[in-house]
Amino acid sequence: MHDTVWFEIQGIPAVTIASSEFKTAAATQATALGLKSAPCVFVPHPIQDATDEEMQSKADECLSLVVDALVANEGGNGN
């Protein structure tokens with residue numbers, strides 16, 4: 001989240017990608033960092049014990065969401 005907020009403040013669109021387990025934590029941290037609307041995409045939990053194939057599938061499933069979030073926030077600083 002820190003990186004996403006830093007890039008957004010610089011005017012560079014960014015998206016945090018995290019496990020769905022961290023939705024609440026991501027929202028809390030984005031607010032604490034001053035960018036409540038920081039773009040996030042969440043992939044199904046768990047991640048840690050996922051196989052390479054499962055991770056590839058998770059990546060494939062969220063790619064369009066990441067692109068959409070970046071394009072929707074092209075101007076950066078989505079605050």
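Heads up: numbering here begins at 1 and tracks the sequence.
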Can you name the closest pair of heavy atoms from Pro13 and Glu8 and give their distance?
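So the two residues come closest at CA-OE2, 3.3 Å.
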Nearest heavy atoms of Ile47 and Lys58, plus distance in Å:
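Nearest pair, atom of Ile47 first, then Lys58: CD1-CD, 3.8 Å.
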With a cut-off of 3.5 Å and sequence neighbours excluded, list every side-chain donor-acceptor pair involving residues 15-23.
unit_1, atom_1, unit_2, atom_2, d
Thr16, OG1, Thr4, OG1, 2.6
Ser19, OG, Glu21, N, 3.3
Ser19, OG, His45, ND1, 2.4
Ser20, OG, His45, N, 3.2

Please tabulate, for side-chain N and O atoms in residues 26-34, each donor-acceptor pair with protein atoms closer than 3.5 Å (sequence neighbours left out).
unit_1, atom_1, unit_2, atom_2, d
Thr28, OG1, Thr24, O, 3.0
Thr31, OG1, Ala27, O, 3.0

Donor-acceptor pair, Glu54 side chain versus Thr51 backbone, under 3.5 Å?
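Yes; at least one donor-acceptor contact below 3.5 Å.
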Determine whether Phe42 and Met55 fall in the same hydrophobic cluster, where Ile, Leu, Val, Met, Phe, Trp and Tyr are linked whenever their side-chain heavy atoms lie under 4.5 Å apart.
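No, separate clusters.
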With a 3.5 Å cut-off and sequence neighbours excluded, list the donor-acceptor pairs that the side chains of residues 60-71 form with protein atoms.
unit_1, atom_1, unit_2, atom_2, d
Asp60, OD1, Gln56, NE2, 2.9
Glu61, OE2, Ser57, OG, 3.1

